[in-house]
Amino acid sequence: MSRFESFVAIDWSGAKGRRHKGIAIGRALLDGPPRLVRPDHVWSREEVLAWLIDDAARRPTLFGFDFSFAPPLIEKGEYLLGEPGVPTTAREFWAYVDGKCDDEDLGAASFLEIAHRRHFYFGIADGVKADFVRFRQCDARLNAQGGRKTASAYDAIGAAQVAKASFAGMRFLHRLDGRVTIWPMDTLPAQGSAIVEIYTRIYLRRAGLSGTKLRSRTDLNRALEGLGSPPARLRFEPNDHQTDALVTAAGMRQLATGEPNAFNPEGLTPVIARSEGWTFGVL
């Protein structure tokens with residue numbers, strides 16, 4: 001029997017501005033179809049923080065967020081190359097990022113655009129993009145398994161970039177630190193709720209799909225069927241943030257309840273856990 005009673009996926013990466021039309025939250029219980037949490041609500045990051053703290057105390061829940069929990073460190077030995085005084089563990093780095101930002105609603109644009117501008121690629125004026133791009137060990141493992149290369153935390157331009165959402169997410173994790181288990185920076189305890197990093201494409205591939213964004217009930221339910229889930233009961237055509245949240249919640253449930261090594265993936269060492277973290281579902 002699963003130690004979790006609920007599986008929640010928060011599609012966070014589409015967030016923009018003070019309040020975020022891109023944030024969508026999906027929940028799957030141990031059985032039944034996944035459902036959206038407050039689908040008509042426009043979430044702020046601080047509202048998600050308060051909601052999660054309250055929800056985590058109600059029942060043991062596995063929460064997933066689609067941002068990088070830390071930048072790459074293993075490859076070069078530093079998060080921000082050549083910068084003095086920058087920590088080398090994820091937990092300390094979250095505090096460092098939070099301390100450098102005064103952006104509203106846990107934003108981190110000032111970290112990328114002012115405090116450490118030279119480390120982030122914003123366009124051709126910055127030079128060769130490849131000089132900025134580095135990846136974590138879990139990304140390399142996913143690629144070796146045939147997965148699509150994930151975006152780099154240092155790439156801050158284009159629709160596919162994850163830098164802004166990820167550094168905002170690190171501020172979010174700092175505010176949660178000590179309140180809810182954050183895996184794999186924390187060892188998974190025998191009971192209680194936990195937070196993991198997610199990547200929707202993993203669950204689309206597990207469902208037998210190519211990874212293309214889903215924007216209809218028909219495509220959504222085809223993905224859910226591939227994950228052994230009943231169809232979603234929506235009365236409207238969902239956007240891609242909502243389908244990402246629903247598919248990932250169902251996929252997290254399948255993985256956590258059916259994969260013995262879900263929290264013990266090959267390649268995850270204590271050093272990697274402390275410094276870079278790991279994407280739940282990369283085995």
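Throughout, numbering of the chain's residues begins at 1 and tracks the sequence. Below, all heavy atoms of this structure are taken into account, side chains as well, without hydrogens, waters or symmetry copies. Quick caveat, the model's predicted, so the values are computed rather than measured.
Hydrophobic clustering, with ILVMFWY side chains joined whenever heavy atoms are under 4.5 angstrom apart, groups Phe172 together with Val37. Two different hydrophobic clusters hold Leu29 and Phe63 under the rule that ILVMFWY side chains link at heavy-atom gaps under 4.5 Å. When hydrophobic clusters are built by joining Ile, Leu, Val, Met, Phe, Trp and Tyr residues whose side-chain heavy atoms come closer than 4.5 Å, directly or via intermediates, Phe167 is grouped together with Leu176.
Salt bridge absent: Glu237 and Arg215 never bring a charged side-chain N and a carboxylate O closer than 4.0 Å. Using a cut-off of 4.0 Å between Lys/Arg side-chain N and Asp/Glu carboxylate O, Glu197 and Arg136 are scored as salt-bridged.
Taken to the nearest 0.5 Å, the OG1 atom of Thr181 stands 6.5 Å off from the CG atom of Leu188. Annotation: the span from Trp51 atom CH2 to Ser44 atom OG amounts to 13.0 Å, rounded to 0.5 Å. The CZ atom of Arg253 lies 8.0 Å from the CG atom of Leu30; values are rounded to the nearest 0.5 Å.
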Please output the side-chain donor-acceptor pairs of residues 108-118 that fall under 3.5 Å, not counting sequence neighbours, one pair per line with the distance.
from, atom 1, to, atom 2, distance (Å)
Ser110, OG, Asp103, OD1, 2.4
His116, NE2, Tyr96, OH, 2.8
Arg117, NH1, Phe120, O, 3.0
Arg117, NH1, Asp126, OD2, 3.3
Arg117, NH2, Asp126, OD1, 3.0
Arg117, NH2, Asp126, OD2, 3.1
Arg118, NE, Glu83, OE2, 3.3
Arg118, NH2, Leu81, O, 3.2
Arg118, NH2, Glu83, OE2, 3.4

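Remark: Arg175 fails to qualify as a cation-pi partner of Trp94 under the 6.0 Å distance and 45° angle criteria applied to the six-membered ring.
For Ala256, the side-chain contact (heavy atoms from CB on, under 4.5 Å) partners are Phe7, Leu62, Phe280, not counting sequence neighbours. Under the rule for a salt bridge (Lys or Arg N to Asp or Glu O under 4.0 Å), Arg233 has no partner lying at least two apart in sequence or in another chain.
Here the options are Thr200, Asp240, Asn239, Leu204, the test is side-chain contact (heavy atoms from CB on, under 4.5 Å), and the partner is Lys213; only Asp240 passes.
Shortest non-hydrogen contact noted between Met252 and Ile198 is SD-CG2, 3.9 Å. In plain terms, the two heavy atoms of Gln254 and Leu227 that are nearest each other are NE2-O, 3.2 Å. The two residues Pro184 and Ala273 have their closest heavy-atom pair at O-CB, 3.4 Å. Here the shortest heavy-atom pairing between Gly281 and Leu255 reads CA-CD2, 3.4 Å. Minimum heavy-atom separation, Ser275 to Ile74: OG-CD1, 3.7 Å. In terms of heavy-atom proximity, Ala24 sits nearest to Ala245 at O-CB, 3.8 Å.
No side-chain heavy atom of Thr243 sits less than 4.5 Å from a side-chain heavy atom of Asp219. Looking only at side-chain heavy atoms (C-beta outward), Arg91 and Asp186 come within less than 4.5 Å of each other. Tyr121 is not listed as a side-chain neighbour of Val133, based on a closest heavy-atom distance of 4.5 Å or more. Between Thr248 and Asp11 the shortest side-chain heavy-atom distance does not fall below 4.5 Å. The closest side-chain heavy-atom distance from Val180 to Leu52 is below 4.5 Å. At least one side-chain heavy atom of Phe93 sits less than 4.5 Å from a side-chain heavy atom of Val86.
For Arg3 (side chain) and Pro189 (main-chain N/O), a donor-acceptor pair under 3.5 Å exists by modelled atom type. Here the side chain of Ser2 pairs a donor or acceptor atom with the backbone of Phe4 at under 3.5 angstrom.
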Leu220/Leu234 under side-chain contact (heavy atoms from CB on, under 4.5 Å): CA gap, chis, key distance, verdict: CA-CA 10 Å; Leu220 167 63; Leu234 298 180; 3.7 Å; yes
